[in-house]
4 protein chains.
Amino acid sequence: MDGRELPRREREKLAQRGEMMATALDLFSKKGYRNVSMQEIAEKAEFAVGTLYKFFRNKEDLYKALLGEQADAFDEALRIAIEGPGLEIDKLRNYVKAKGLVFRSNVSVIRLYLAETQGASLDIKAGLDTEIRERYGIFLNKLASVFESGMKRKRFRKIADPFSLAVALDSITSAFLLLWLEEPERHPYPEDPDAILNILFKGLVDQ
Amino acid sequence: MDGRELPRREREKLAQRGEMMATALDLFSKKGYRNVSMQEIAEKAEFAVGTLYKFFRNKEDLYKALLGEQADAFDEALRIAIEGPGLEIDKLRNYVKAKGLVFRSNVSVIRLYLAETQGASLDIKAGLDTEIRERYGIFLNKLASVFESGMKRKRFRKIADPFSLAVALDSITSAFLLLWLEEPERHPYPEDPDAILNILFKGLVDQ
Amino acid sequence: MDGRELPRREREKLAQRGEMMATALDLFSKKGYRNVSMQEIAEKAEFAVGTLYKFFRNKEDLYKALLGEQADAFDEALRIAIEGPGLEIDKLRNYVKAKGLVFRSNVSVIRLYLAETQGASLDIKAGLDTEIRERYGIFLNKLASVFESGMKRKRFRKIADPFSLAVALDSITSAFLLLWLEEPERHPYPEDPDAILNILFKGLVDQ
Amino acid sequence: MDGRELPRREREKLAQRGEMMATALDLFSKKGYRNVSMQEIAEKAEFAVGTLYKFFRNKEDLYKALLGEQADAFDEALRIAIEGPGLEIDKLRNYVKAKGLVFRSNVSVIRLYLAETQGASLDIKAGLDTEIRERYGIFLNKLASVFESGMKRKRFRKIADPFSLAVALDSITSAFLLLWLEEPERHPYPEDPDAILNILFKGLVDQ
DNA sequence: CATGAATGAGTCTTCATTCAT
DNA sequence: GATGAATGAAGACTCATTCAT
């Protein structure tokens, strides 16, 4: 038996919590924070409201836990993609691939995550808002340092400052994912990362 | 007298409507759709709630009218920037400039507009959603045709399909505006459009 | 027509407010603060809950207004009874009579008033609590000064300090009123104030 | 071994019950019946809620047991003070002293007890209410009989009927204890019972 | 026609009580 | 026999919408 195995009770609690969060995520991402009632979440998750409140102090708490954990996972996945040794160009490829993968396997979170990082979160005052964006900012800087490193090593040309390039790459991938989200058939997210990266790699205008 | 001149009565009504929408826009963009009450809008606009309901059938209607008209204005401004004769490269420059201008002089709308076009509109079910996005899609195609035309005339290299380039440019400019919105001092929107366009124009990797 | 006459609208509002307060008073005094719901008050007063909230910011507010106004009236009536010129002994008689009258014609308030002045208000944190007691303290001092004045003028013997005598008289009258409240037949509040005052006036033990 | 000694099991249960009641008393007297939850009591007493319900059928039951037992103790102490042989005047002195002692060493109960006997118990409908008051009535009659006996033996003058005197003495002592409770420094409960009794013993007005 | 008072369904949250383990 | 997780009814409060004046 594995030492990391939790006692049954604990495992059940985690499972419950997981179900609640999954249900809440589903509803929030479909209808928006204010349009989902605790009653509704509880009902759909097949718990009593009271039980919901045993796990989360209040509605906002639930929402924050939700976003926080999802953002953690995303952040982690993207961070790993660009860390470690290797050519900068490969890191960027990894990033584009990872972002596609992680988003496409978490469709319901995308809208919520984008709402928070792209700046349209008007329901939850601050706190999460701030926290997620901060981490997002940190990630952008890491991405920028990939560009910077590439320039230092003369592998990239200095066509713009590294941070702007990071912003550009991040926004482009998000935009493509959004298109895919709306019409998956018409706008598939490219399998080959270079389909996106070439926009940055190759110049539109001859030098 | 000008034939287009409206009777006093009509003009007054339009003025009233304008004030209501301006007040609503201000409140919605600051606090979010669900966090603003009709009472609050009426009070701040110095009308009675009943009067508000004379102009807009319900809260959603008001919101849709608001977004719709703002989107109209934006769309128009951006469309004009890329229409007409001239070099494609100049059209793109015009677009980057116009987008900067129009957004920076309508700060309070940005968040709402981005929320709708970038995909986080969870409060209003559909309808507006659809309409704005449709027009947004149409505009993206117009922008794409600028790239296409540039390619046809051998002014642009075929580094990616025109629509993808349009998406890329649009998302990059939006991302920069978002950064500016959060920290205007740290992230000014560039005066020179080439600061942004070079990301597309020049290639990161030598050919 | 009287200049003090209020416009119809205002009069109606006051009448509504009055009805709400009367209903609330009735319910609170019968069932206690926490055992009465705003819904219940609204229903019994034949208003919608929302209307209740138009007049009182919240439940506590309603309770405070209630107690405050009633305490005002009581305080006023008792104060008048012991003010002005005249023999101290007559003032005390007036006080005993007035207290009897005012309480017996406001039966439903007695319990609430006593609960506040006699110290068992555990539902409402502070504020009213404090305010009513303060005014009650002030009144006790006024009553004490009647005893003091009587002593100075050699009309009363110095059997205890004036404040203690005030406390004694006040508590005795309250106690009798409480008895009457429980069993009006068995424990009528005496018509002749001396029936109560003699307890203080005449000595139990020969001097 | 003593025959009255209870088996360990029983003793433990009694001890548990005692702790629950002590905790409940503390909380009720501080926050009021409705503002204390069974969870809170259980937690603070370090038992599970279920255990609480093993000892008391429901919340009201717990409250009644609490008040009942406290009232028993009070009643007993006061009864003893005025029973037995001895001069009536000494019994009254004993009563004043005993009431002071018993109240001051049970501060947390005072408010609850007074709330019940002085008529402001609005939380618990009837039952306890009735029972406590009944016993309180019985005690008042016992106190009255002390006055009566004194009058019969020509030791007291007939300044009022014995029951009224009992009510008066009881309410005065309670009032003084209440004052002490609020501001112990400013209003100490007198060490010498005559400080209070003189209000009854000596007449305010010369005969 | 404008007004804004009135409405009451709907929201979040608490807590007495039960019962499976 | 103790435990405390689960329940869900009930309560305070908000706000979109209506309609009498």
Side-chain angles (χ1 to χ4, degrees), chain A residues 8-9 12-13 16-17 20 33-43 45-63, chain B residues 9 12-13 16 33-43 46-63, chain C residues 8-9 12-13 16-17 20 33-43 45-63, chain D residues 9 12-13 16 33-43 46-63:
Chain A
R8 188 182 51 78
R9 189 76 242 180
E12 271 177 10
K13 280 194 99 173
Q16 281 187 348
R17 197 188 134 98
M20 285 172 185
Y33 180 75
R34 292 293 301 265
N35 298 309
V36 176
S37 75
M38 292 299 264
Q39 207 64 242
E40 195 178 353
I41 297 170
E43 235 159 79
E46 301 188 280
F47 289 102
V49 245
T51 311
L52 209 51
Y53 277 88
K54 281 277 190 301
F55 285 84
F56 308 95
R57 235 172 343 125
N58 52 42
K59 195 181 174 184
E60 194 168 325
D61 209 53
L62 165 58
Y63 187 73
Chain B
R9 192 76 237 185
E12 273 175 9
K13 284 195 106 178
Q16 282 187 346
Y33 180 74
R34 291 293 301 260
N35 299 310
V36 175
S37 72
M38 291 299 263
Q39 264 97 332
E40 197 178 350
I41 297 170
E43 216 164 288
E46 301 188 281
F47 288 101
V49 243
T51 313
L52 211 50
Y53 275 87
K54 283 280 185 298
F55 285 86
F56 308 96
R57 234 172 347 122
N58 53 40
K59 195 180 173 185
E60 195 167 323
D61 209 52
L62 164 58
Y63 187 74
Chain C
R8 187 182 51 77
R9 190 76 240 181
E12 270 177 10
K13 280 195 99 173
Q16 281 188 348
R17 198 188 135 98
M20 285 172 183
Y33 180 75
R34 292 293 302 261
N35 299 308
V36 176
S37 74
M38 292 299 264
Q39 206 66 239
E40 194 179 353
I41 296 170
E43 235 159 77
E46 302 189 278
F47 289 101
V49 244
T51 311
L52 211 51
Y53 278 88
K54 279 278 190 305
F55 286 84
F56 307 95
R57 230 166 351 120
N58 52 41
K59 195 180 174 185
E60 194 167 325
D61 208 52
L62 165 58
Y63 187 73
Chain D
R9 192 74 239 186
E12 272 176 8
K13 284 194 105 180
Q16 281 187 346
Y33 179 74
R34 291 294 301 261
N35 300 310
V36 176
S37 73
M38 292 299 263
Q39 263 98 333
E40 196 178 351
I41 297 170
E43 214 163 292
E46 302 188 279
F47 288 102
V49 246
T51 314
L52 211 51
Y53 276 86
K54 282 279 186 297
F55 285 86
F56 308 96
R57 236 177 339 128
N58 53 39
K59 194 180 174 185
E60 193 167 325
D61 209 52
L62 165 58
Y63 187 74

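Residue numbers begin at 1 in each chain, while the letters A, B, ... track the order of the sequences. The figures here come from the full heavy-atom set of this structure, side chains too, leaving out hydrogens, waters and symmetry mates. The structure presented is a predicted model; accordingly, all values stated were derived computationally and were not measured.
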Could you state the [atom1]-[atom2] distance from [X] to [N], rounded to the nearest angstrom?
X        : N       : atom1 : atom2 : answer
Met38(B) : dT18(F) : CE    : C1'   : 12 Å
Leu52(D) : dT17(E) : CG    : P     : 11 Å
Asn35(A) : dC12(E) : CG    : C1'   : 15 Å
Glu60(B) : dC15(F) : CD    : P     : 18 Å
Lys54(B) : dT17(F) : NZ    : P     : 14 Å
Gln16(B) : dT3(E)  : CD    : P     : 8 Å
Tyr33(A) : dT11(E) : OH    : P     : 13 Å
Tyr63(A) : dC12(E) : OH    : P     : 14 Å

Say you draw a straight line from [atom1] of [X] to [atom2] of [Y]; how long is it, rounded to the nearest 0.5 Å?
X        : Y        : atom1 : atom2 : result
Leu62(A) : Met20(A) : CG    : CE    : 9.5 Å
Phe55(A) : Asp61(A) : CZ    : CG    : 13.0 Å
Lys54(A) : Arg17(A) : NZ    : CZ    : 15.5 Å
Tyr33(B) : Asn35(A) : OH    : CG    : 8.5 Å

Subject >> Heavy-atom pair with the smallest gap, counting every atom of Met38(B) and Asn58(B) >> reply: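 What the structure gives for the nearest pair is CE-C, 4.2 Å.
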
Subject >> Given DNA chain E, 5'-ward residue of the pair Val49(B) and Gly50(D), judged by closest heavy atom >> reply: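 The 5'-side residue here is Val49(B).
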
Original post:
Taking for each residue the nucleotide of DNA chain F bearing the nearest heavy atom, is the 5' side occupied by Val36(C) or by Arg57(B)?
Top reply: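 The residue closer to the strand's 5' end, by nearest nucleotide, is Val36(C).
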
Original post:
For Asn58(C) and Gln39(A), take the nucleotide of DNA chain F holding the closest heavy atom to each; which residue's nucleotide lies nearer the 5' end?
Top reply: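 Residue closer to the 5' terminus by nearest nucleotide: Gln39(A).
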
Subject >> Closest nucleotide among dG4(E), dT18(E), dT17(F) to the Tyr53(B) side chain >> reply: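 When the side chain of Tyr53(B) is considered, dT17(F) is the closest of dG4(E), dT18(E), dT17(F).
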
Original post:
Across all strands shown, which nucleotide pairs with dT21(F) by Watson-Crick or G-U wobble geometry, both distances under 3.5 Å?
Top reply: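 dA2(E) is the nucleotide pairing with dT21(F).
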
Original post:
Distance check: side-chain N/O of Thr51(B) vs OP1/OP2 of dA2(E), anything under 4.0 Å?
Top reply: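 It does not, given that no N or O in the side chain of Thr51(B) lies less than 4.0 Å from OP1 or OP2 of dA2(E).
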
